Each structure stands twice: as C-alpha cells, then as structure tokens.
Number of protein chains: 2
Amino acid sequence: MSNTSSLSIETPGRERLRRRGDARRLEILRAAGRIFRQRGYAQAGMRDIAAAAEISSGNLYHYFRGKHEILYFCQDRTLDTMLQALASTRSSGGSALERLRQVLTAHVFTILDDVEGTAAHLEVDALPADLRTTIICKRDRYESGLRRLIGEVIHEERLPQRDPRIITRAMLGALNWTVRWYRPQGPASVKMVARELTDFLMGGLTASGDGGAAGAPGSQGGRT
Amino acid sequence: MSNTSSLSIETPGRERLRRRGDARRLEILRAAGRIFRQRGYAQAGMRDIAAAAEISSGNLYHYFRGKHEILYFCQDRTLDTMLQALASTRSSGGSALERLRQVLTAHVFTILDDVEGTAAHLEVDALPADLRTTIICKRDRYESGLRRLIGEVIHEERLPQRDPRIITRAMLGALNWTVRWYRPQGPASVKMVARELTDFLMGGLTASGDGGAAGAPGSQGGRT
DNA sequence: TGGAATATTGAACAGCGGTTCAAATGTCGA
DNA sequence: TCGACATTTGAACCGCTGTTCAATATTCCA
C-alpha cells in the first residue's frame, strides 16, 4: 500500500497526511469499483470516476498513475478479499464440504456487496501486460486453492471422479455471472442469491450421481 | 436479412447480386465474431474487423451502418441458433432430463465452435438503446425457454423445489463463462468441455439432494 | 505566522478509432 | 460496347477520452 519513497523521515505530521492520502485513495477505489460494475471498464470514463469520487478529473492522477492502475488496485483488493476468505476457512476445521460452502458464499458477497463489492477482477484483459501478469498470478492462486478444495470434497465424499479444473471453472462462472444479472433493487437479496447458488452448486439438480440418461451423443438440432 | 427497399423490381441479375452481397455480409459477421471473441467488443477496432474480413475499413459501411449494427447481427445470429436448438429438442420427444442435456450441450457448441462460434451475445450493454431492447427481448425468450425446461425437469424428477430463475442463471453463467477460459489450443476439446460441464450441471457434485451440512449461516472470514 | 510540501483544479493537449466521402473499379443487362 | 448500379478504396475528418500542466488553495510544522 505505502508507495511513498521512504527517503524522508516520517514526522507525526507526515504520517497523518499519508494516512489521509490513503483514505482518499480508498474512497477513489470504492467509487471506481462502483462505476466499473455499472458500466464496465471500457465505458467508464475518468471523468465519471472523478465525479463518483467527488474530486476533479485531474486530481485522480495525484493518487494513481492512470486508469490502468485504478483498475489494477480494484482487482488486487478484490482478490485479496477472496484469498483471505479461502484462507480463513482452511483454519476453520470444518469438513471440506462445509468449507467449500463457506468459500462459495463469501465469493458471492465479495462480488455483489453494495458497499464493498467489486467486479473489476473480471476485466483482466484491459490491463497492460506487466500489471496483468501480477493479477493473473494472484487470480490463479485463488482458482487453484478453490480447485484443491473441490478435490478434497470429491475425495472425502467419495464422489465419482470428474475433471476438477472444469468443475472449478463452472462454479466460478456461475458465481461471477451474477454481476451480469443481479440488481440490488430486484426481488432477491444478496443473501438469498448466495444461498440458492451455493445450494445448487453443492447439491446439483438431480439426486443421482450421473444426470440421467446419457442422451444423444450424436449431433442434433442447430449446428452442434 | 433482406434490407433492400423493395421499390425496384428484382430482375434475375439483381437477385444474384443481392445474394452475393448477403454472402459477403455473412463473411464479415463471421470475421467480426471471431475478433469480438478474441478481444471483446470495445477492444475490437473497425480496422481489425476489416482486416479479418479481408476488405477495407471503409467498405464495411457498405454492408452495415456501423460497428453497433455488426454487433447486433452477431448477437442476433447466435441467439437464433440457440433458440433453434431449444425448439428442436422440444419436438424430439425425450424426457425433460434428456432435452435439458441436449440444450446445454448445444449451448456450449454454439459459443465455442471454432468456425461458427460467437460470444458476442454477451456484450449486450454495448448496443444503443433501440437495438438493445430487441436483442434483450430475444435473449429473454431463450432464457425463459430454458427456465421452463428446468422447471419440467424438477417436476418430472420430483426434485426438491428451488428457485428456477437462479438455477437457470447459474447454468447460463457456467456455460457462458467458458469463453473466458476456453482456448482451442488447450488440452480439452469443445466436446469434452461440453460433456464435463453438462455432467456437472445436470448431476451436481454430491449424491444427496441437499449439499451436506448447512454450514455456518453466521458470517465468517473476510467481509461477508 | 511564514514557508514548504501537499492537494486540487480546469483547461488544454494528443491520439486513437468510428465514420464519411469523393473517386476509382468492377459487374451485369441490353 | 455502353450505361447504370454495386463494390471497393484509403485518406481525411472529428469527437471522445486519457492524460498533462501550470496555477491556485490548503495543510501543517517550526
């Protein structure tokens, strides 16, 4: 966080200033996160972000090198939250099934929460190469942690072997997709959505291990 | 498709010309679809699309009113394919479970197929208002068709009641998310991905109807 | 209080990218 | 072959948007 080159001795005053700067920096990130979720990175203008943060557009550049960096820190913050949730369940001592449920629920909240929620971590492609590799690395850490957890569930519950990579991504897809359709004004609360989603992802639609008749491997309809 | 104002009588020659124009129009849409999937709508430039379609940038405007319209037709085509798949299973006479499996598989192919696949239908927000409403309407028709099918499955198989709207969107999320991670050069073929995904979505992770201990409604870790 | 460092502003800049356009070329029926 | 119409081109246009900058205001320590 502290990016100030520590050449000068930090007097108490300086310290307070820096703190105030960091606070403002966080406000900006929150505002940017909101705008990004509303319009997407490409559509969000610096002037929009500035307005949402209630400062002038030029002033943004006093806290960040540019739009890229704002996006970068948004993503970084979100991923940190998710990694933290992953880590905290690891020490919770529950069964793998319970821990997975906790992680999935936390994921929904991290994305959708109206105050702190961000979906910026979905726009990786918008980052320049150097920043992108850092983020992708962190994202992969989260994904592989989740994958390992899913692997544990499969092992503990003696479920039929499946490719955990694809299952992980299926879950991430279902979770991340919520930003595309969830609206706070809508009928469902974040809590309800998280509940229903995890229920579905954990339990699945059918009671049998294999989803019914393995129908029609041959192509049918449209252009399969 | 035929947008030519039908004031003039169509001579056989005109007809052939129009057909040739339509063929080119389709080539452009295919090329645009590829570019959109690679870079996303915002990052895709008209000059890129033109290059991919092997024509000059200015010439694009002889076939489409602008970038918006290209996206529009891409989305329209994709949705038509999906609606067709939905309709064709309806008359296939299989059980609801089988039909759902078919639709999910077809969905993956429609998105990921290397020749015809498009993911443009995910970028609804980029459209201007008038075009957007048309597309959203069609997309909703697909979604509600899928939702109905899922409802039938729940009813036929006597599964525990859940909110079909959220389940539908969970499935759509898992399916549509594939564009974010699937790479043709990667280890898995489209067929394998479709198979694993539908297996997961149909059968679910666990054998029991309710995914294990309903762990910890209380908040834990991170900022839930 | 004075002065140095920090914050803040809004106008100006720059270039990227969608679009337009006049001109050249190709196509087809008569 | 001629004329009408479709097709194609590439340069020029222009508005939008990220960014810069010089000037002004604010903050805080001595």
Side-chain angles (χ1 to χ4, degrees), chain A residues 2-28 31-32 35-36 39-72 123 126-128 131, chain B residues 2-28 31-32 35-36 39-72 123 126-128 131:
Chain A
S2 76
N3 235 353
T4 52
S5 57
S6 50
L7 285 174
S8 56
I9 307 129
E10 292 236 347
T11 76
R14 283 255 170 77
E15 167 67 6
R16 194 151 75 237
L17 258 187
R18 197 183 60 75
R19 242 192 261 262
R20 218 181 45 133
D22 280 1
R24 176 58 64 93
R25 204 168 269 139
L26 238 130
E27 281 178 40
I28 296 174
I35 302 288
F36 286 157
R39 317 186 193 180
Y41 178 76
Q43 300 300 321
M46 288 301 263
R47 289 159 183 84
D48 301 328
I49 298 174
E54 291 179 322
I55 61 176
S56 75
S57 63
N59 199 11
L60 283 177
Y61 291 83
H62 213 259
Y63 295 94
F64 299 97
R65 257 197 258 282
K67 197 183 175 187
H68 292 323
E69 209 182 79
I70 295 183
L71 179 61
Y72 171 81
E123 309 235 25
L127 287 174
L131 296 178
Chain B
S2 75
N3 234 354
T4 53
S5 59
S6 51
L7 284 176
S8 55
I9 307 127
E10 290 236 348
T11 74
R14 282 253 171 77
E15 168 66 6
R16 193 151 76 237
L17 259 186
R18 196 182 59 76
R19 243 192 260 260
R20 218 178 47 130
D22 280 0
R24 176 58 64 94
R25 205 167 269 140
L26 238 132
E27 280 178 40
I28 296 175
I35 302 289
F36 286 157
R39 318 188 191 178
Y41 177 76
Q43 301 299 323
M46 287 301 263
R47 290 161 181 83
D48 301 327
I49 298 173
E54 293 179 322
I55 60 176
S56 75
S57 63
N59 198 13
L60 283 176
Y61 291 81
H62 211 259
Y63 295 95
F64 299 98
R65 259 197 258 280
K67 198 182 175 188
H68 291 324
E69 210 182 76
I70 295 182
L71 178 63
Y72 171 81
E123 310 237 25
L127 287 175
L131 296 178

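All values below come from the heavy atoms of this structure, side chains included, with hydrogens, waters and symmetry mates left out. The structure displayed is predicted, hence computed values, not measured ones. Throughout, protein chains are lettered first and strands after them, A, B, ... in sequence-line order, and every chain is numbered starting at 1.
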| request: Output yes when at least one side-chain N/O atom of B:Arg24 is less than 4.0 Å from OP1 or OP2 of D:dT8, else no. | output: yes
| field | Atom-pair distance (CG on B:Leu127; C1' on C:dG18), nearest Å | value | 16 Å
| message | Looking at C:dT9, I'd like to know if its phosphate oxygens (OP1 or OP2) sit under 4.0 Å from a side-chain N or O belonging to A:Asn59. | response | yes
| message | Measuring only between side-chain heavy atoms, which start at C-beta, is A:Arg25 closer than 4.5 Å to A:Ile28? | response | no
| Between C1' of D:dA6 and OH of B:Tyr61, the distance in whole Å | 20 Å
| request: For DNA chain D, determine which residues of residues 46-58 of chain A have any heavy atom closer than 4.0 angstrom to one of its atoms, and list them numerically. | output: A:Met46, A:Arg47, A:Gly58
| Spacing between B:Arg65 atom CZ and C:dT20 atom P, to the nearest angstrom | 11 Å
| Rounded to the Å, how far apart are A:Lys67 NZ and D:dT17 P? | 9 Å
| Do the side-chain N or O atoms of A:His62 get closer than 4.0 angstrom to the phosphate oxygens (OP1, OP2) of C:dT8? | no
| Gap between atoms CZ and C1', on A:Phe64 and D:dG18 respectively (whole Å) | 16 Å
| Interatomic spacing from CD1 in B:Ile70 to OH in B:Tyr61 - rounded to 0.5 Å | 7.5 Å
| request: Please state whether the phosphate of D:dT8, meaning OP1 or OP2, lies under 4.0 angstrom from any side-chain nitrogen or oxygen of B:Tyr63. | output: yes
| query | If you look at every heavy atom in A:Tyr41 and A:Lys67, which pair is closest and at what distance? | reply | O-NZ, 3.0 Å
Using residues 50-60 of chain B as the side-chain source, report each donor-acceptor pair under 3.5 Å to any protein atom, sequence neighbours left out, with the distance given to one decimal.
{"unit_1": "B:Ser56", "atom_1": "OG", "unit_2": "B:Asn59", "atom_2": "N", "d": "3.3"}

| query | Are A:Phe36 and A:Glu123 side-chain neighbours, meaning at least one heavy-atom pair lies under 4.5 Å? | reply | no
| note | note: B:Leu60, atom CG; C:dT20, atom P; distance rounded to Å ~ 12 Å
| query | Hey, does A:Ala44 reach any base, or is it just sugar-phosphate, or nothing, if we go heavy atoms under 4.0 Å? | reply | sugar-phosphate
| What distance do A:Leu127 atom CG and A:Leu71 atom CG have between them, rounded to the nearest 0.5 Å? | 4.5 Å
| Residue pair A:Glu69 / A:Phe64: nearest heavy atoms and the distance that separates them | OE1-CA, 3.6 Å
